[in-house]
Number of protein chains: 2
Amino acid sequence: MSGPIGFQCQNHSVCMSTMLAQAQDHCTALGLRLTPVRRRTLEILLAEHRALGAYDVLKHLAAEGLGTQPPVAYRALDFLVKAGFAHKIEALNAYTACVHPGQDHAPAFLICRNCQSVAEADTAPAKGRLGDAARAAGFVIERTVVEATGLCPDCVGEAA
Amino acid sequence: MSGPIGFQCQNHSVCMSTMLAQAQDHCTALGLRLTPVRRRTLEILLAEHRALGAYDVLKHLAAEGLGTQPPVAYRALDFLVKAGFAHKIEALNAYTACVHPGQDHAPAFLICRNCQSVAEADTAPAKGRLGDAARAAGFVIERTVVEATGLCPDCVGEAA
DNA sequence: TTCGTATTGATATGTTATAACATCCGGTCT
DNA sequence: AGACCGGATGTTATAACATATCAATACGAA
Ligand SMILES: [Zn+2]
Ligand SMILES: [Zn+2]
Ligand SMILES: [Zn+2]
Ligand SMILES: [Zn+2]
């Protein structure tokens, strides 16, 4: 599979449990601790192919008695991002589950402005013209943010 | 010139006044109003090849008696962004002057994490692999955010 | 001049994110 | 067991970023 993952997800419960299992395995392998709050936070993100704000996540956690204060959500999200199980969508100040957890990669996102769905594509931005420009300038790229906003297949259809 | 603009700026006062003049011309041509607050805000951004937060801008404006409340800065910044004279850097929640004002383009940014300098490169992200992925998925791109974080030429040298 | 619209002034509020410090809990060493 | 240490949580407070709303004013067009 090489296209963006997300829009074409059909059986989402499989999708979710696969990702969760991969995260669990990765934690076990590296000695990281997927604590209840962290695990639940990941589940909350995985439940939708959308980006959720930290305070949205916090509402879910609070409803389940897992914490009521902002640091609870931010700590869990930071852990997931550092561990490679989630990404921050800068254009939305929101977070979304990664679709190939644990692997070190340079994600790119397709964000629907109508239904808020988010798909993760795997590109190598530093290898294209941006990389050329950076090399020409002597700039060393460490991280890239690539986010495209527009209309997803469903919403393009609707508009017509 | 095709590389990223910003790191190689030598005579900055020329750089500044050129940009300002272009903005002024563009406003005149389109009937837009480059009011004192807007003009000063652009000058503040142009003064550095960095991104400034809205509240940083506001501090400058306040010191000059041009307004003390957040909406003053946000209105001016929104005007400059819409007019194509400035860009928002999503990864920093901050704003930077555009280096080719008025032209409709898809900018990409190189952001130094050490000295906070920002360079604007001109790429066509929707034409690369991201565009391919989007087309394959039926996603219609309307806007792209491309931001690379790393070390600028000066700071790479320093580190060594 | 009158009208309509863009801009500014002013107040309040909403949203996102982190600092700081106390406490708990699980493993290790003695 | 007891002391210790580091990571994880609990808790309070605040910093940083952004917008809603409505009144007042300036400005160009008719
Ligand atoms: Zn990912
Ligand atoms: Zn959609
Ligand atoms: Zn630009
Ligand atoms: Zn630098």
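Chain identifiers are assigned alphabetically (A, B, ...) following the order of the sequence lines, protein sequences preceding nucleic acid strands; residue numbering begins at 1 within each chain. Values below: every heavy atom of this structure, side chains too, minus hydrogens, waters and symmetry copies. Only a predicted model underlies this, so the values are computations on that prediction, with no experimental measurement involved.
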ask   = Would you call A:Q24 and A:R39 a side-chain contact if the rule is heavy atoms closer than 4.5 Å?
value = yes
Rounded to the Å, how far apart are [X] [atom1] and [N] [atom2]?
X: B:R33; N: C:dT8; atom1: CZ; atom2: P; answer: 7 Å
X: A:K82; N: D:dA8; atom1: NZ; atom2: P; answer: 10 Å
X: A:L34; N: D:dG7; atom1: CG; atom2: P; answer: 18 Å

A:S17/A:M19 under side chain to side chain contact (heavy atoms under 4.5 Å, CB included): CA gap, chis, key distance, verdict = CA-CA 5 Å; A:S17 51; A:M19 294 304 155; over 6 Å; no
query = Which nucleotides of nucleotides 9-18 of chain D have their base under 4.0 Å from a protein heavy atom (B), which only their sugar-phosphate (S), and which neither (-), written as one string 5' to 3'?
reply = BBBB----BB
task = Step through the shown structure and confirm whether more than 12 heavy atoms of other residues, nucleotides or ligands are within 6.0 Å of NE2 on B:H105.
result = yes
ask   = If Ile, Leu, Val, Met, Phe, Trp and Tyr residues are connected whenever their side-chain heavy atoms lie under 4.5 Å apart, and connections chain through other members, are B:V14 and B:V99 in the same group?
value = no
ask   = Any sub-3.5 Å donor-acceptor pair from B:E147's side-chain atoms to B:E90's backbone N or O?
value = yes
